[in-house]
Undergrad: 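Provided herewith is a single structure, encoded as structure tokens, for subsequent inquiry.
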Amino acid sequence: MKEQTFLEGFAVEDFQRDLIHWFEKEQRDLPWRKDNDPYKIWVSEIMLQQTKVDTVIPYFNKFIEQFPTLEALAEADEEEVLKAWEGLGYYSRIRNLHAAVKEVKEQYGGKVPDNPEQFSKLKGVGPYTTGAVLSIAYGIPEPAVDGNVMRVLSRIFLVWEDISKTGTRKLFEAIVRKIISKENPSYFNQALMELGALICAPRNPACLLCPVQAHCRAFHEGVQTELPVKTKKANVKQVAIAAAVLKDEHGKILIHKRDGAGLLANLWEFPNCEVIHSQENLERQLEKFLQEEYGAAVQLGNPFATLEHVFSHLVWNITVYDGKIIGDVAETEQLKLVDEQEIGLYAFPVSHQRIWQEYKKKETGG
DNA sequence: CAGACGTGGAT
DNA sequence: TATCCAAGTCT
């Protein structure tokens, strides 16, 4: 179906007015709405990808305090920047943002590009972020189609396409191009998302409070809870992991920096390996891994914790050992022996923060 | 185009 | 407890 099909008989200007008036009155007071600094808008949009507003707020405030300007972020050390993102997830976002900000500093004199062609070429900047930053920071009428917008518009226009399909977003972008306010694209885009967050919720939409109820075809037909159509994915893969908190004779802890690409890229972790044959010879496999990969001869203790950590696409079932390092380990950029007090200086994923918590609990508890 | 890529909160 | 979700992008 083409976008024209959905737009027949739709009162575009009334819709824009009702939507924007509602946003002017009801918008939340959020830290990235205090000014229109393109850099801050950009940071907020990256943080907000697949992440709740309540989760982002404290990270955003601290991040801007630490890196107040694009220049400051561009000049910061990678380790420092990664540490600021610790716990937020989807860590490629910060790697890409850091690279992109450096690019803007060097290629554009520190000014965030105000056209879609240049801005969307930057790392980590896709169609949504392009529209969001350019419309909010510069008032440029580009669509910013996220999950909220697809949900809201699927209901208003009775769109039955599956929003989990990659191509469906383009249909919504085409619709937005037809209905976006040219006078205030910033408020139009934000209002669509705000409406999705506050009124047009996934479950139990508050249609009786909706400022654009009169424009909503799903409400008119009483099918708002059946939209949007979204197919669910199959169960995630289970992965068995054996991990170890290892001390040398000076009481220093062995930590390892993960590869620069893939899962939890560049984050630090306690030595661990995937276990091939579930439950059989965990200890043996871990010892062999530590010897071959890190050149570390170890005396493992008994497992002191088993943790389950759920990702969006897999599950780690972690068995955690303590142990002693026998002899010396050659330290590298990726492999360090650190004091317990220094652990907090390194960026760890939540799964390994939990390992450390369990270890400390064991040490102090008995 | 699917699948990879994190985490914590709501129902 | 299980499932779904939240302002997506990259490969």
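Owing to the predicted nature of the structure, the values given are computational and were not obtained by experimental measurement. Proteins get letters first, then strands, A, B, ... in listed order; numbering begins at 1 in each.
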Undergrad: Would you list the atom pairs, donor with acceptor, under 3.5 Å between side chains in residues 293-313 of chain A and any protein atom, with sequence neighbours excluded?
TA:
unit_1	atom_1	unit_2	atom_2	d
A:Tyr294	OH	A:His256	ND1	3.2
A:His309	ND1	A:Arg354	NH1	3.1

Undergrad: Detail all sub-3.5 Å separations between protein N/O atoms and N/O atoms belonging to nucleotides 8-11 of chain C.
TA:
unit_1	atom_1	unit_2	atom_2	d
C:dG8	OP1	A:Gly147	N	3.4
C:dG8	OP2	A:Gln50	N	2.5
C:dG8	OP2	A:Gln50	NE2	2.9
C:dG8	N7	A:Gln50	NE2	3.4
C:dT9	OP1	A:Gly126	N	2.9
C:dT9	OP1	A:Gly126	O	3.4
C:dT9	OP1	A:Thr129	N	3.0
C:dT9	OP1	A:Thr129	OG1	2.7
C:dT9	OP2	A:Tyr128	N	3.2
C:dC10	OP1	A:Gly124	N	2.6

Undergrad: Check the pair A:Ser186 / A:Ser135 against side chain to side chain donor-acceptor pair (under 3.5 Å), numbers first and verdict last.
TA: CA-CA 5 Å; A:Ser186 166; A:Ser135 65; 5.7 Å; no
Undergrad: Rounded to the Å, how far apart are A:Tyr59 OH and C:dA6 C1'?
TA: 15 Å
Undergrad: With a 4.0 Å cut-off on heavy atoms, is A:Val53 in touch with a base, just the backbone sugar-phosphate, or nothing at all?
TA: base
Undergrad: Report the C-alpha separation of A:Lys362 and A:Asp322 in whole Å, then their side-chain angles, then the decisive distance to 0.1 Å, and conclude whether the salt bridge (Lys or Arg N to Asp or Glu O under 4.0 Å) test is met.
TA: CA-CA 10 Å; A:Lys362 172 181 75 78; A:Asp322 60 4; 3.0 Å; yes
Undergrad: Has A:Gln4 got more than 12 heavy atoms of other residues, nucleotides or ligands less than 6.0 Å from its CD?
TA: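 Enclosed: over 12 neighbouring heavy atoms sit under 6.0 Å from CD of A:Gln4.
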Undergrad: Taking C:dA6 as the reference, what is the distance to B:dC5 when you measure between their P atoms (whole Å, please)?
TA: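 Approximately 23 Å lies between the P atom of B:dC5 and that of C:dA6.
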Undergrad: What integer number of Å spans the P atoms of B:dG6 and C:dT1?
TA: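 It works out to 26 Å between them.
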Undergrad: Please write out the pairs of protein N or O atoms and N or O atoms of nucleotides 1-3 of chain C separated by less than 3.5 Å, giving the distance to one decimal.
TA:
none

Undergrad: Select base, sugar-phosphate, or nothing to describe what A:Arg28 touches, counting heavy atoms under 4.0 Å on all strands.
TA: base
Undergrad: What residues in residues 76-88 of chain A put a non-hydrogen atom under 4.0 Å from any atom of DNA chain B?
TA: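 Those residues are A:Gly87, A:Leu88.
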Undergrad: Take the protein atom CD1 of A:Ile57 and the nucleotide atom P of C:dA6, then report the distance between them rounded to whole Å.
TA: 16 Å
Undergrad: Return the orientation label for the A:Phe157 and A:Phe10 ring planes: parallel under 30°, perpendicular over 60°, tilted otherwise.
TA: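 Geometry flag for A:Phe10 against A:Phe157: tilted rings.
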Undergrad: Does A:Trp85 belong to the same Ile/Leu/Val/Met/Phe/Trp/Tyr cluster as A:Trp268, with side-chain heavy atoms less than 4.5 Å apart forming each link?
TA: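 A:Trp85 and A:Trp268: one cluster.
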Undergrad: Would you check if the side chain of A:Arg217 reaches a backbone N or O of A:Phe6 as a donor-acceptor pair within less than 3.5 Å?
TA: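 Judged by distance alone, yes, a pair lies under 3.5 Å.
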Undergrad: Could you check A:Asn204 against A:Gly262 and say which one's nearest nucleotide on DNA chain B is further toward the 5' end?
TA: A:Gly262
Undergrad: Backbone N or O of A:Tyr90 within a donor-acceptor pair of the A:Arg93 side chain at under 3.5 Å?
TA: yes
Undergrad: Cluster partners of A:Ile326, using ILVMFWY side-chain heavy atoms under 4.5 angstrom, listed by chain and number?
TA: none
Undergrad: Which whole number of Å gives the distance between the C1' atom of C:dG8 and that of B:dC1?
TA: 16 Å
Undergrad: Answer yes or no: are there more than 12 heavy-atom neighbours, outside A:Asp35 itself, under 6.0 Å from its atom CG?
TA: yes
Undergrad: Please check: side-chain N/O of A:Glu45 versus main-chain N/O of A:Ala132, any donor-acceptor pairing under 3.5 Å?
TA: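 Checking the backbone N and O of A:Ala132 against the side chain of A:Glu45, no donor-acceptor pair under 3.5 Å is found.
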Undergrad: Between C:dT9 and B:dG8, how far apart are the P atoms? Round to whole Å, please.
TA: 23 Å
Undergrad: Any sub-3.5 Å donor-acceptor pair from A:Gln16's side-chain atoms to A:Ile179's backbone N or O?
TA: yes
Undergrad: Checking A:Asp248 side chain against A:His250 main chain: does a donor-acceptor pair fall under 3.5 Å?
TA: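 Yes; at least one donor-acceptor contact below 3.5 Å.
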Undergrad: Counting the atoms with a prime plus P, OP1 and OP2 as sugar-phosphate, which does A:Leu30 contact under 4.0 Å by heavy atoms, base, sugar-phosphate, or nothing?
TA: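 Counting heavy atoms under 4.0 Å across all strands, the contact made by A:Leu30 includes a base.
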Undergrad: Can you give the first and last nucleotides of DNA chain B, 5' to 3', that have an atom under 4.0 Å from a heavy atom of chain A?
TA: B:dC1 to B:dG8
Undergrad: So what does A:Arg354 touch, heavy atoms closer than 4.0 Å: a base, only the sugar-phosphate, or nothing?
TA: sugar-phosphate
Undergrad: Taking for each residue the nucleotide of DNA chain B bearing the nearest heavy atom, is the 5' side occupied by A:Thr55 or by A:His313?
TA: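 On the 5' side of the pair lies A:His313.
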Undergrad: Regarding A:Lys230, tell me which of base, sugar-phosphate or nothing describes its non-hydrogen contacts under 4.0 Å with the strands shown.
TA: sugar-phosphate
Undergrad: Without swapping roles, check the side chain of A:Gln291 against the backbone of A:Lys288 for a donor-acceptor pair under 3.5 Å.
TA: no
